[in-house]
> 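Supplied in structure tokens, the structure appears directly below.
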Amino acid sequence: MNIRSVVRGVGHYLPERIVENAEFEGKLDTSDEWIRSRTGIERRHFAAEGEMTSHLAIKAAEAALKDAGLQAADIDAIVVATSTPDFTFPSVATMVQAGLGSTHGFAYDVQAVCAGFVFALTNANGLILSGQAERVLVIGAETFSRIMDWEDRSTCVLFGDGAGAVVLEAAEGRGNRDDRGILSSDLHSDGRYRELLYVDGGVSSNGKAGHLRMQGNQVFRHAVTKLAQTAHTALDKIGLTGADVDWLVPHQANSRIISATADKMGLPMERVVLTVQDHGNTSAASIPLALSVAKEQGKLHAGNLVVVEAIGGGLAWGAVVLRW
Ligand code: UT7
């Protein structure tokens, strides 16, 4: 018997407030035209005052449970990918557990910045394959608006808030690449590049929350090579290539990075899920948000081969191949 981690449900939540590019024009030396043409971003959502990462995560989790037709008590583990937790501790995941009214199982956070959901998905797959959990709620949730330097036009126009969630469930497969569920994973990190993208605050350094700092063009350079490479490696592990992919669901940071990656994989943009125009970069939330939106749009069908990939602070990057 071969166990696979199959996606049983997916859901998302976006805060109510939508901020169009034009809103930045009066405050900064920037333009809708620059933001749109350099990034593909048109608008993003920002959390309301007092609305925290756990609140977004709980709403996304409820939507994913509803989509799966399950109750919170059916979930054995909750893994939340976030770099913007409500508090230093406890984890956002334990707040989600309590928010869902569950005392069953266990919950913890994973922090790999924008690659967080890819790492969390791989981690949750490990919980299922090792028999520690049958159903895992995997959530990406962020409030990056809280770590923006509003005077830095090179970063503050890029990010947004939101949350997405999937329910993974153990299912029997045949052990081949036709199985539904997670088929392969490829993860990397290289801490030598930590200064390309970081937050200049933290508990153990200066006791502040800090602001996001990024050398955007350097990160861009790494992204356009590393993302296609990791996607290729993950596919190669199971003897597949870009030609076999039905949907590329990439981290949504920049439409130019996304199209360059798709191009290297030999995929036309018709097979790429693009949400960056409406969400901006929501870090670890971007992939589950994109999966949920794609499902709502009727794009994802049982049996589709889906590749998710992301890169972010660390640097940390990776890809997961799954059959929907
Ligand atoms: O999610 C985690 C991973 N992060 C990413 O994947 C982000 C990767 N990087 C990027 O998406 C892009 O590098 C950016 C969108 C951040 C920047 O685009 P770029 O084409 O790499 O531009 P640049 O940083 O090389 O800057 C070009 C020019 C500069 O002006 P000068 O020096 O040429 O005069 C910037 O000062 O654009 C200027 N600029 C802006 N101008 C208007 C930077 N931000 C803005 C802005 N409005 N908001």
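Predicted, not measured: the structure shown is a model, and the values here were computed from it. In listed order, ligands and their atoms are each counted from 1.
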> What short N/O contacts, under 3.5 Å, does ligand 1 make with the protein, listed by atom pair and distance?
{"unit_1": "ligand 1", "atom_1": "1 (O)", "unit_2": "His251", "atom_2": "NE2", "d": "2.8"}
{"unit_1": "ligand 1", "atom_1": "1 (O)", "unit_2": "Asn281", "atom_2": "ND2", "d": "2.6"}
{"unit_1": "ligand 1", "atom_1": "9 (N)", "unit_2": "Gly216", "atom_2": "O", "d": "3.0"}
{"unit_1": "ligand 1", "atom_1": "11 (O)", "unit_2": "Asn254", "atom_2": "ND2", "d": "2.7"}
{"unit_1": "ligand 1", "atom_1": "13 (O)", "unit_2": "Gly216", "atom_2": "O", "d": "3.0"}
{"unit_1": "ligand 1", "atom_1": "13 (O)", "unit_2": "Asn217", "atom_2": "N", "d": "3.4"}
{"unit_1": "ligand 1", "atom_1": "20 (O)", "unit_2": "Arg38", "atom_2": "NE", "d": "3.3"}
{"unit_1": "ligand 1", "atom_1": "20 (O)", "unit_2": "Arg38", "atom_2": "NH2", "d": "2.8"}
{"unit_1": "ligand 1", "atom_1": "20 (O)", "unit_2": "Arg256", "atom_2": "NH2", "d": "3.0"}
{"unit_1": "ligand 1", "atom_1": "25 (O)", "unit_2": "Asn217", "atom_2": "ND2", "d": "3.3"}
{"unit_1": "ligand 1", "atom_1": "36 (O)", "unit_2": "Arg153", "atom_2": "NH2", "d": "2.9"}
{"unit_1": "ligand 1", "atom_1": "37 (O)", "unit_2": "Trp34", "atom_2": "NE1", "d": "3.4"}
{"unit_1": "ligand 1", "atom_1": "41 (N)", "unit_2": "Trp34", "atom_2": "NE1", "d": "3.4"}
{"unit_1": "ligand 1", "atom_1": "41 (N)", "unit_2": "Arg153", "atom_2": "NH1", "d": "3.4"}
{"unit_1": "ligand 1", "atom_1": "47 (N)", "unit_2": "Thr30", "atom_2": "OG1", "d": "2.7"}
{"unit_1": "ligand 1", "atom_1": "48 (N)", "unit_2": "Thr30", "atom_2": "OG1", "d": "3.0"}
{"unit_1": "ligand 1", "atom_1": "48 (N)", "unit_2": "Arg153", "atom_2": "O", "d": "2.9"}

> Determine whether more than 12 heavy atoms belonging to other residues, nucleotides or ligands lie under 6.0 Å from atom CD of Glu20.
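Yes.
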> Arg4 and Asn125: side-chain donor and acceptor closer than 3.5 Å?
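No, Asn125 and Arg4 have no side-chain donor paired with an acceptor closer than 3.5 Å.
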> Which pairs, with at least one residue in residues 148-168 and sequence neighbours excluded, count as a ring pair (Phe, Tyr, Trp, His ring centres under 6.0 Å)?
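Listed once each, the pairs are Phe46-Trp150, Phe144-Phe159.
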> Please determine whether a side-chain nitrogen of the Lys or Arg among Asp149 and Arg213 lies less than 4.0 Å from a carboxylate oxygen of the Asp or Glu.
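Yes.
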> From the options Glu42, Arg44, Glu33, select the one residue that forms a side chain to side chain donor-acceptor pair (under 3.5 Å) with Asn21.
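For Asn21, the side chain to side chain donor-acceptor pair (under 3.5 Å) test succeeds with only one of Glu42, Arg44, Glu33, which is Arg44.
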> Output, in order, the C-alpha distance, side-chain angles, deciding distance and verdict of side-chain contact (heavy atoms from CB on, under 4.5 Å) for Met265 and Leu235.
CA-CA 10 Å; Met265 292 174 69; Leu235 283 164; 4.1 Å; yes
